[in-house]
Student: 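Here's a structure for you.
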2 protein chains.
Amino acid sequence: MYELKDIPLFSGLSELHLAELQEHIYVKHYSKDSIVFYEEDKSEYLHVLLEGDVKLYKTTPNGKEVYLHGMSAPNAIALFPALERVAFPATCAFLTEGTVGLLPLEKLHKCLENLDFSLAMIKAMSKRMKLLENLLHKETIFSSEAKIADLIANNAKIFQHLRNNEIASILNITPETLSRILTKLKKEEIITIDDHIVTIVNQNALQDIIETNSMKKSASN
Amino acid sequence: MYELKDIPLFSGLSELHLAELQEHIYVKHYSKDSIVFYEEDKSEYLHVLLEGDVKLYKTTPNGKEVYLHGMSAPNAIALFPALERVAFPATCAFLTEGTVGLLPLEKLHKCLENLDFSLAMIKAMSKRMKLLENLLHKETIFSSEAKIADLIANNAKIFQHLRNNEIASILNITPETLSRILTKLKKEEIITIDDHIVTIVNQNALQDIIETNSMKKSASN
DNA sequence: TGGTATATCTTTGAGTTCGTACATAAGTAA
DNA sequence: TTACTTATGTACGAACTCAAAGATATACCA
């Protein structure tokens, strides 16, 4: 299990300061699939993921989950609600077993008096903004085909570790749509899939899909 | 025209420090509709909006604009690309005439050695995250009906200042869709529109649309 | 250990929906 | 007038839902 000092946000603090913080942290264990916090909830604590993987997602009025991102320990989650003391914009659920440390917000806010900590906070927030920005791009610009092409181009290995329906939920598309588009990509000889290993055959065509948001049908059809 | 000290991000700095920064700022004037920077571009400067209004938007492969947000002077724009020295995630265009101050990134990064400045930066980034988070919610959770209902509930006055096609572009829907849904809202007696003044008649029904993402049809149809 | 049963995933087809695109008419303003 | 904005009808398309069949995995038991 990780400790505070393993998290970049806190790693710049002195031994002494860290020890003091550690004293005030309430450590909580979670089982797989349990909820850490719900969208719209508020909390008096910063949630620090010390062990395990979580996902963050929003829920639509009809109960559909909109996947935002996954996070692995060690990591501070929901920084922005902690800083602004506002409600969580998303629900956080464990994908594995895991552990969360709860740091009282007063303690966090006191840390900000330390310049190194503030700079680390800026770094951490930058990182989070990059994630958000990326997500926004995927959800507003990319078509389903482009989402899939992008995933294959950047992280083809994920198909070895996750089932297609899990990948679909990460991309916020239905498994049916994923299946259909993968079939199309195979038929167009842009990729091959063998025993869950996705291999890129035509990198250019893939890039083209990402850039144009669509696949030109092959003349042979 | 505003100056650096009018911007919350910089207002905590000493007179001396401000004067020094001001010396290194290159001030540039822009005409209405001109582009400040393009998506994917990089810059060695932080852009500080000193006068006028801009909008930020992404462009899809088919040339459609996806509106992100508008900003008014005084304000630092594109903080995240400035901090991380990465490409702009969006295009910035003036909606009015205006002025931008260009602050070399070295100068900005030097400011971060000042704790008050760092704290102001954290505040500014928080604010930006809130914007992004809001936008993400609108684009991923809301239906077109909910977007419009939300706008009417929170900012009905905007209909007095902007034409419907401008409002449509802010909501990232087509003018046709906006027109149809406004007509529907009038027919259901949820709002009235008189000479561009939108009045809410049935607040509950409006809230209901925002929460459920759809309008139940009235029995009379 | 192997074999079968059962559950879960994936694929495919058909139909629906939401919002867009295009065309055109009607309204409004300079 | 002339240009632009708004409204409305029709058509289209991307991705969804629902349903059912086919393929894989997992569990259980002899």
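Chain letters run A, B, ... following the sequence lines, proteins first, then strands; residues in each count from 1.
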Student: Rounded to whole angstrom units, what separation is found between the CG atom of A:Asn165 and the P atom of C:dA7?
Tutor: 18 Å
Student: Between A:Glu166 and A:Arg163, is there a side-chain N and carboxylate O pair less than 4.0 Å apart?
Tutor: yes
Student: Which part of the nucleic acid, if any, lies within contact of A:Asp195, taking any heavy atom under 4.0 Å across all strands shown: a base, the sugar-phosphate backbone alone, or nothing?
Tutor: nothing
Student: Please classify the nucleic acid contact of B:Leu178 as base, sugar-phosphate, or nothing, using heavy-atom distances under 4.0 Å.
Tutor: nothing
Student: Does A:Phe159 CZ have over 12 foreign heavy atoms under 6.0 Å away?
Tutor: yes
Student: Considering only C:dG19, C:dA14, D:dT6, which nucleotide approaches the side chain of B:Thr177 most closely?
Tutor: C:dG19
Student: Side chain of A:Ser143: nearest nucleotide among D:dA15, D:dT10, C:dT12?
Tutor: D:dA15
Student: Can you give me the bend angle of the helix from C:dT1-D:dA30 to C:dA30-D:dT1? Use the axis through the first five pairs and the one through the last five, nearest 10 degrees.
Tutor: 40°
Student: Rounded to whole angstroms, how far apart are CZ on A:Phe159 and C1' on C:dT10?
Tutor: 14 Å
Student: Looking at C:dT10, D:dT6, C:dA21, which one has an atom nearest to any side-chain atom of A:Asn164?
Tutor: C:dT10
Student: So, A:Glu84 and B:Lys123, do they make that salt bridge, N to O below 4.0 Å?
Tutor: yes
Student: Whole-Å distance between C:dC18 C1' and B:Ile181 CD1?
Tutor: 9 Å
Student: Tell me whether the count of non-hydrogen atoms from other residues, nucleotides or ligands lying under 6.0 Å of NZ in B:Lys130 goes above 12.
Tutor: no
Student: Check the distance between C:dT28's P and B:Ile193's CD1 and give it to me in whole angstrom.
Tutor: 13 Å
Student: Is A:Thr183 reaching over with its side chain to a backbone N or O of A:Ser179, donor-acceptor style, under 3.5 angstrom?
Tutor: yes
Student: Tell me, with the steps shown, if A:Tyr57 and A:Tyr67 meet ring-ring contact (aromatic ring centres under 6.0 Å, His included).
Tutor: CA-CA 4 Å; A:Tyr57 62 90; A:Tyr67 181 95; 8.3 Å; no
Student: Could you work out which one of D:dA7, C:dG19, D:dT17 sits closest to the side chain of A:Lys64?
Tutor: D:dT17
Student: For A:Glu145 and A:His196, take the nucleotide of DNA chain D holding the closest heavy atom to each; which residue's nucleotide lies nearer the 5' end?
Tutor: A:Glu145
Student: Rounded to whole Å, please give me the gap between CZ in B:Arg180 and P in D:dG9.
Tutor: 9 Å
Student: Please report the distance, rounded to the nearest Å, between CG in A:Leu185 and C1' in C:dT11.
Tutor: 15 Å
Student: OP1, OP2 of C:dC18 versus side-chain N and O of B:Ser144: anything below 4.0 Å?
Tutor: no
Student: With respect to the side chain of B:Ser179, which nucleotide from C:dT20, D:dT6, D:dA7 is positioned closest?
Tutor: D:dA7
Student: So B:Asn62, base contact, sugar-phosphate only, or nothing? Heavy-atom distance under 4.0 Å.
Tutor: nothing
Student: When the distance from NZ of A:Lys184 to P of D:dA15 is rounded to whole Å, what number comes out?
Tutor: 9 Å
Student: Rounded to whole angstroms, how far apart are CG on B:Asp194 and C1' on C:dG27?
Tutor: 16 Å
Student: When you measure from the side chain of B:Arg163, which nucleotide among D:dT5, C:dA14, C:dA21 comes out closest?
Tutor: D:dT5
Student: Give a yes-or-no answer on whether the side chains of B:Asn172 and B:Glu139 include a donor-acceptor pair shorter than 3.5 Å.
Tutor: yes
Student: Would you kindly check whether a donor in the side chain of A:Glu176 faces an acceptor in the base of D:dC16, or vice versa, at under 3.5 angstrom?
Tutor: no
Student: Between B:Glu40 and B:Lys58 (salt bridge meaning N to carboxylate O under 4.0 Å), is one present in this structure?
Tutor: no
